[in-house]
There are 2 protein chains.
Amino acid sequence: MNDQIEICKSDTIHPDAIERAYKSLPEIVHIYDMAEIFKILGDPSRLRILLALAKEELCVCDLATLINTSVSSVSHHLRLMKGLKLVKFRKEGKLVYYSLADEHVESIIAETMDHVTE
Amino acid sequence: MNDQIEICKSDTIHPDAIERAYKSLPEIVHIYDMAEIFKILGDPSRLRILLALAKEELCVCDLATLINTSVSSVSHHLRLMKGLKLVKFRKEGKLVYYSLADEHVESIIAETMDHVTE
DNA sequence: CATATATTTGAATAATTGTTCAAATGTATT
DNA sequence: AATACATTTGAACAATTATTCAAATATATG
(Lines give C-alpha, C1' and ligand atoms only; values in the text may rest on other atoms or scores of the structure.)
Protein backbone atom coordinates (compact mmCIF):
# COMPACT_ATOMS: atom_id res chain seq x y z
CA MET A 1 0.00 0.00 0.00
CA ASN A 2 0.97 3.56 -0.61
CA ASP A 3 -0.87 5.08 2.31
CA GLN A 4 1.49 3.94 5.04
CA ILE A 5 4.12 6.48 4.18
CA GLU A 6 1.95 9.49 4.91
CA ILE A 7 -0.82 8.20 7.12
CA CYS A 8 -0.21 8.18 10.86
CA LYS A 9 1.16 4.95 12.31
CA SER A 10 -1.40 4.70 15.06
CA ASP A 11 -4.26 4.87 12.65
CA THR A 12 -6.69 6.14 15.21
CA ILE A 13 -5.33 8.34 17.93
CA HIS A 14 -8.72 9.44 19.19
CA PRO A 15 -11.19 7.02 17.61
CA ASP A 16 -14.15 8.23 19.64
CA ALA A 17 -13.62 11.88 18.79
CA ILE A 18 -13.13 11.00 15.14
CA GLU A 19 -16.33 8.97 15.19
CA ARG A 20 -18.35 11.77 16.78
CA ALA A 21 -16.95 14.38 14.42
CA TYR A 22 -17.54 12.17 11.41
CA LYS A 23 -21.17 11.58 12.33
CA SER A 24 -21.74 15.31 12.72
CA LEU A 25 -20.60 16.14 9.19
CA PRO A 26 -23.26 17.17 6.66
CA GLU A 27 -23.83 15.08 3.57
CA ILE A 28 -20.81 15.27 1.32
CA VAL A 29 -22.82 16.79 -1.51
CA HIS A 30 -23.76 19.73 0.67
CA ILE A 31 -20.16 20.28 1.59
CA TYR A 32 -19.26 20.49 -2.08
CA ASP A 33 -22.16 22.84 -2.73
CA MET A 34 -21.03 25.14 0.07
CA ALA A 35 -17.45 25.07 -1.17
CA GLU A 36 -18.66 26.16 -4.60
CA ILE A 37 -20.49 29.11 -3.10
CA PHE A 38 -17.54 30.17 -0.97
CA LYS A 39 -15.25 29.88 -3.98
CA ILE A 40 -17.49 32.29 -5.84
CA LEU A 41 -17.54 34.68 -2.87
CA GLY A 42 -13.76 34.47 -2.64
CA ASP A 43 -13.08 37.08 -5.26
CA PRO A 44 -12.93 40.82 -4.53
CA SER A 45 -14.59 41.81 -7.81
CA ARG A 46 -17.51 39.48 -7.26
CA LEU A 47 -17.84 40.55 -3.65
CA ARG A 48 -18.05 44.17 -4.71
CA ILE A 49 -20.70 43.29 -7.26
CA LEU A 50 -22.76 41.50 -4.64
CA LEU A 51 -22.34 44.27 -2.09
CA ALA A 52 -23.42 46.83 -4.65
CA LEU A 53 -26.43 44.74 -5.64
CA ALA A 54 -27.35 44.46 -1.98
CA LYS A 55 -27.93 48.19 -2.09
CA GLU A 56 -29.17 48.81 -5.62
CA GLU A 57 -30.48 46.99 -8.64
CA LEU A 58 -27.94 47.70 -11.38
CA CYS A 59 -27.31 46.89 -15.02
CA VAL A 60 -24.11 45.27 -16.29
CA CYS A 61 -22.75 48.57 -17.51
CA ASP A 62 -23.37 50.25 -14.15
CA LEU A 63 -21.51 47.46 -12.41
CA ALA A 64 -18.54 47.75 -14.75
CA THR A 65 -18.35 51.49 -14.07
CA LEU A 66 -18.76 50.93 -10.36
CA ILE A 67 -15.99 48.41 -9.89
CA ASN A 68 -13.88 49.81 -12.67
CA THR A 69 -13.41 46.77 -14.86
CA SER A 70 -14.48 45.66 -18.32
CA VAL A 71 -18.08 44.86 -19.11
CA SER A 72 -16.96 41.45 -20.28
CA SER A 73 -15.35 40.62 -16.99
CA VAL A 74 -18.45 41.67 -15.08
CA SER A 75 -20.62 39.58 -17.37
CA HIS A 76 -18.48 36.51 -16.76
CA HIS A 77 -18.76 37.01 -13.02
CA LEU A 78 -22.52 37.46 -13.23
CA ARG A 79 -22.85 34.27 -15.21
CA LEU A 80 -21.12 32.31 -12.46
CA MET A 81 -23.25 33.91 -9.77
CA LYS A 82 -26.44 33.32 -11.75
CA GLY A 83 -25.47 29.65 -11.93
CA LEU A 84 -25.32 29.41 -8.16
CA LYS A 85 -28.52 31.39 -7.71
CA LEU A 86 -26.76 34.20 -5.92
CA VAL A 87 -28.14 36.86 -8.26
CA LYS A 88 -31.22 37.18 -10.40
CA PHE A 89 -31.94 39.42 -13.37
CA ARG A 90 -34.64 41.01 -15.43
CA LYS A 91 -34.38 42.33 -18.95
CA GLU A 92 -35.67 45.71 -20.03
CA GLY A 93 -34.90 46.56 -23.61
CA LYS A 94 -31.20 46.52 -24.24
CA LEU A 95 -30.45 46.53 -20.54
CA VAL A 96 -30.21 43.64 -18.10
CA TYR A 97 -30.81 44.52 -14.47
CA TYR A 98 -29.26 42.37 -11.80
CA SER A 99 -30.13 42.08 -8.12
CA LEU A 100 -29.50 39.68 -5.25
CA ALA A 101 -31.35 36.39 -5.49
CA ASP A 102 -32.17 36.19 -1.79
CA GLU A 103 -31.25 37.53 1.60
CA HIS A 104 -28.96 34.62 2.49
CA VAL A 105 -26.16 36.12 0.46
CA GLU A 106 -26.32 39.32 2.47
CA SER A 107 -26.34 37.44 5.77
CA ILE A 108 -23.33 35.37 4.83
CA ILE A 109 -21.35 38.44 3.83
CA ALA A 110 -22.49 40.39 6.90
CA GLU A 111 -21.37 37.59 9.20
CA THR A 112 -17.97 37.54 7.53
CA MET A 113 -17.73 41.30 7.71
CA ASP A 114 -18.16 40.97 11.48
CA HIS A 115 -15.30 38.52 11.57
CA VAL A 116 -12.84 40.74 9.71
CA THR A 117 -13.73 44.01 11.46
CA GLU A 118 -13.53 42.87 15.04
CA MET B 1 -7.23 55.65 -24.27
CA ASN B 2 -7.70 51.93 -24.06
CA ASP B 3 -10.86 51.93 -21.99
CA GLN B 4 -13.24 53.02 -24.68
CA ILE B 5 -13.29 49.64 -26.36
CA GLU B 6 -14.76 47.78 -23.41
CA ILE B 7 -16.37 50.43 -21.25
CA CYS B 8 -19.95 51.40 -22.00
CA LYS B 9 -20.42 54.41 -24.29
CA SER B 10 -22.84 56.16 -22.02
CA ASP B 11 -20.41 56.13 -19.16
CA THR B 12 -23.11 56.45 -16.57
CA ILE B 13 -26.41 54.85 -17.34
CA HIS B 14 -27.75 55.24 -13.80
CA PRO B 15 -25.40 57.68 -12.10
CA ASP B 16 -27.55 58.05 -8.99
CA ALA B 17 -27.82 54.34 -8.40
CA ILE B 18 -24.10 53.91 -8.97
CA GLU B 19 -23.38 56.69 -6.52
CA ARG B 20 -25.61 55.23 -3.82
CA ALA B 21 -24.20 51.73 -4.30
CA TYR B 22 -20.65 53.01 -4.28
CA LYS B 23 -21.16 54.87 -1.02
CA SER B 24 -22.61 51.78 0.62
CA LEU B 25 -19.53 49.65 -0.11
CA PRO B 26 -17.27 48.74 2.83
CA GLU B 27 -13.68 49.91 2.85
CA ILE B 28 -11.75 48.17 0.11
CA VAL B 29 -9.39 46.53 2.59
CA HIS B 30 -12.30 44.80 4.29
CA ILE B 31 -13.53 43.52 0.98
CA TYR B 32 -10.15 41.96 0.31
CA ASP B 33 -10.07 40.48 3.81
CA MET B 34 -13.47 38.92 3.31
CA ALA B 35 -12.47 37.56 -0.08
CA GLU B 36 -9.46 35.89 1.52
CA ILE B 37 -11.66 34.20 4.08
CA PHE B 38 -14.16 33.01 1.50
CA LYS B 39 -11.33 31.71 -0.64
CA ILE B 40 -10.15 29.61 2.27
CA LEU B 41 -13.67 28.34 2.92
CA GLY B 42 -14.03 27.48 -0.76
CA ASP B 43 -12.34 24.14 -0.54
CA PRO B 44 -14.17 20.90 0.42
CA SER B 45 -11.23 19.52 2.42
CA ARG B 46 -10.91 22.68 4.50
CA LEU B 47 -14.65 22.87 5.00
CA ARG B 48 -14.69 19.33 6.33
CA ILE B 49 -11.85 20.14 8.67
CA LEU B 50 -13.72 23.16 10.01
CA LEU B 51 -16.99 21.29 10.36
CA ALA B 52 -15.22 18.51 12.24
CA LEU B 53 -13.50 21.01 14.52
CA ALA B 54 -16.87 22.62 15.18
CA LYS B 55 -17.82 19.35 16.85
CA GLU B 56 -14.56 18.13 18.36
CA GLU B 57 -11.08 19.27 19.16
CA LEU B 58 -8.80 17.06 17.04
CA CYS B 59 -5.12 16.54 16.33
CA VAL B 60 -3.62 16.70 12.84
CA CYS B 61 -3.48 12.96 12.57
CA ASP B 62 -7.15 12.59 13.53
CA LEU B 63 -8.09 15.09 10.87
CA ALA B 64 -6.12 13.26 8.21
CA THR B 65 -7.87 10.01 9.11
CA LEU B 66 -11.24 11.72 9.22
CA ILE B 67 -11.11 13.35 5.83
CA ASN B 68 -9.00 10.60 4.29
CA THR B 69 -6.04 12.60 3.02
CA SER B 70 -2.37 12.90 3.82
CA VAL B 71 -1.15 14.47 7.03
CA SER B 72 0.90 16.87 4.99
CA SER B 73 -2.09 18.13 3.10
CA VAL B 74 -4.04 18.66 6.32
CA SER B 75 -1.12 20.50 7.83
CA HIS B 76 -0.92 22.85 4.85
CA HIS B 77 -4.63 23.57 5.15
CA LEU B 78 -4.34 24.21 8.88
CA ARG B 79 -1.49 26.62 8.31
CA LEU B 80 -3.65 28.71 5.98
CA MET B 81 -6.56 28.68 8.40
CA LYS B 82 -4.32 29.56 11.32
CA GLY B 83 -3.12 32.56 9.33
CA LEU B 84 -6.66 33.85 8.98
CA LYS B 85 -7.50 33.12 12.60
CA LEU B 86 -10.13 30.58 11.69
CA VAL B 87 -8.59 27.90 13.89
CA LYS B 88 -6.48 27.88 17.02
CA PHE B 89 -4.27 25.19 18.46
CA ARG B 90 -2.58 23.93 21.60
CA LYS B 91 0.39 21.60 21.86
CA GLU B 92 0.50 18.58 24.10
CA GLY B 93 3.65 16.56 23.75
CA LYS B 94 4.02 15.32 20.20
CA LEU B 95 0.44 16.17 19.38
CA VAL B 96 -1.06 19.44 18.24
CA TYR B 97 -4.74 19.88 18.93
CA TYR B 98 -6.78 22.18 16.73
CA SER B 99 -10.15 23.79 17.35
CA LEU B 100 -12.24 26.62 15.94
CA ALA B 101 -10.93 30.08 16.73
CA ASP B 102 -14.36 31.59 17.29
CA GLU B 103 -18.05 31.10 16.67
CA HIS B 104 -18.16 33.33 13.60
CA VAL B 105 -16.83 30.54 11.45
CA GLU B 106 -19.67 28.28 12.47
CA SER B 107 -22.26 30.99 11.82
CA ILE B 108 -20.92 31.69 8.35
CA ILE B 109 -20.97 28.03 7.41
CA ALA B 110 -24.40 27.51 8.96
CA GLU B 111 -25.85 30.41 6.98
CA THR B 112 -24.40 28.94 3.80
CA MET B 113 -25.71 25.50 4.67
CA ASP B 114 -29.19 27.05 4.84
CA HIS B 115 -28.70 28.46 1.39
CA VAL B 116 -27.71 25.16 -0.23
CA THR B 117 -30.29 22.97 1.51
CA GLU B 118 -33.40 24.98 0.82
C1' DC C 1 -32.42 47.58 -43.41
C1' DA C 2 -28.47 49.71 -41.34
C1' DT C 3 -26.44 51.60 -37.31
C1' DA C 4 -25.57 52.03 -32.38
C1' DT C 5 -25.25 50.28 -27.91
C1' DA C 6 -25.68 46.56 -24.18
C1' DT C 7 -24.69 42.11 -23.17
C1' DT C 8 -23.01 37.50 -23.81
C1' DT C 9 -19.80 34.07 -25.20
C1' DG C 10 -15.48 31.39 -26.33
C1' DA C 11 -10.65 31.02 -26.66
C1' DA C 12 -6.16 32.26 -24.98
C1' DT C 13 -3.00 33.64 -21.38
C1' DA C 14 -1.07 34.46 -16.94
C1' DA C 15 -1.55 33.66 -12.19
C1' DT C 16 -3.14 31.03 -8.24
C1' DT C 17 -3.71 26.89 -5.80
C1' DG C 18 -4.31 21.85 -3.81
C1' DT C 19 -1.80 17.85 -3.39
C1' DT C 20 2.21 15.03 -3.30
C1' DC C 21 6.83 13.95 -2.21
C1' DA C 22 11.04 14.37 0.40
C1' DA C 23 13.20 16.17 3.99
C1' DA C 24 13.39 18.74 8.38
C1' DT C 25 11.85 19.71 13.10
C1' DG C 26 9.98 18.71 17.59
C1' DT C 27 8.98 15.64 21.36
C1' DA C 28 8.79 11.54 23.86
C1' DT C 29 10.68 6.73 24.95
C1' DT C 30 14.21 3.14 25.28
C1' DA D 1 22.20 8.88 21.87
C1' DA D 2 19.32 6.55 19.11
C1' DT D 3 14.74 5.39 17.65
C1' DA D 4 9.88 6.31 16.78
C1' DC D 5 6.21 9.03 15.69
C1' DA D 6 3.60 13.66 14.96
C1' DT D 7 3.91 17.67 12.65
C1' DT D 8 5.76 21.18 9.69
C1' DT D 9 7.90 22.93 5.63
C1' DG D 10 9.49 23.78 0.77
C1' DA D 11 9.64 22.59 -3.94
C1' DA D 12 7.35 20.70 -7.94
C1' DC D 13 3.34 19.53 -10.75
C1' DA D 14 -1.24 19.47 -12.41
C1' DA D 15 -5.46 21.71 -12.33
C1' DT D 16 -8.33 25.72 -11.77
C1' DT D 17 -9.39 30.41 -12.64
C1' DA D 18 -9.70 35.77 -13.53
C1' DT D 19 -9.09 38.74 -17.10
C1' DT D 20 -8.54 40.19 -21.78
C1' DC D 21 -9.57 40.21 -26.54
C1' DA D 22 -12.42 39.38 -30.51
C1' DA D 23 -16.50 38.18 -32.21
C1' DA D 24 -21.43 37.01 -31.79
C1' DT D 25 -26.35 38.22 -30.07
C1' DA D 26 -29.98 41.07 -28.82
C1' DT D 27 -32.65 45.15 -28.87
C1' DA D 28 -33.76 49.72 -29.96
C1' DT D 29 -33.73 53.67 -33.27
C1' DG D 30 -32.95 56.46 -37.52
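Chain A is the first sequence line, chain B the second, and so forth, proteins listed ahead of strands; every chain is numbered from 1.
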Determine, step by step, whether A/Tyr97 and B/His14 satisfy the ring pair (Phe, Tyr, Trp, His ring centres under 6.0 Å) criterion, reporting the C-alpha distance in whole Å, the side-chain angles of both residues, the deciding distance to 0.1 Å, and the verdict.
CA-CA 11 Å; A/Tyr97 290 95; B/His14 306 92; 5.4 Å; yes
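Close to D/dT19, at under 4.0 Å from its OP1 or OP2, lies a side-chain N or O of A/Ser45. Phosphate contact (OP1/OP2 of D/dT7, side-chain N/O of B/Arg79, threshold under 4.0 Å): absent. Checking the phosphate oxygens (OP1, OP2) of D/dT7, no side-chain nitrogen or oxygen of B/Ser75 falls inside 4.0 Å.
Per the geometry, CE belonging to A/Met81 stands 14 Å off P belonging to C/dT7, to the nearest Å. Between the NE2 atom of B/His14 and the C1' atom of C/dT5 there is a distance of 14 Å, given to the nearest Å. In this structure, CD of B/Glu36 is placed 12 Å from P of C/dT16, rounded to the nearest angstrom. B/His77 has its NE2 atom 12 Å from the C1' atom of C/dT20, to the nearest Å. For A/Asp62 and C/dT7, the CG to P distance is 8 Å, given to the nearest whole Å. Here C/dT29 presents its P atom at 8 Å from NZ of B/Lys94, a figure rounded to the nearest Å. We find that CG of B/Leu78 is positioned 15 Å from C1' of C/dT19, with the value rounded to whole Å. Whole-Å rounding puts the B/Leu41 CG to C/dG18 C1' distance at 16 Å.
Taking every side-chain heavy atom of A/Val96 into account, C/dT8 is the closest of D/dA18, C/dT8, D/dT8. Checked against C/dT20, C/dA6, C/dG18, the side chain of B/Ser72 finds its nearest nucleotide in C/dT20.
In terms of position on DNA chain D, the residue among A/Glu92 and A/Arg46 whose nearest nucleotide sits closer to the 5' end is A/Arg46.
Centre separation under 5.5 Å together with a plane angle under 30° does not hold for the ring of A/His76 and the six-membered base ring of D/dT19, so they are not marked as stacked.
Once rounded to the nearest 0.5 Å, the distance linking CG of A/Leu47 with CE of B/Met34 reads 5.5 Å. Taking CE from B/Met113 and OG from B/Ser107, the interatomic distance works out to 15.0 Å, rounded to the nearest 0.5 Å.
Residues A/Asp16 and B/Glu56 have side chains not in contact (no heavy-atom distance under 4.5 Å, counting atoms from C-beta outward).
Ring geometry for A/His115 versus B/His104: interplanar angle over 60°, hence perpendicular rather than tilted (30 to 60°).
Residue B/Lys39 is in sugar-phosphate contact alone, with no base atom involved, counting any heavy-atom pair closer than 4.0 Å across all strands shown. In this structure, A/Tyr98 reaches the sugar-phosphate backbone alone: every heavy-atom distance under 4.0 Å involves primed, P, OP1 or OP2 atoms, never a base.
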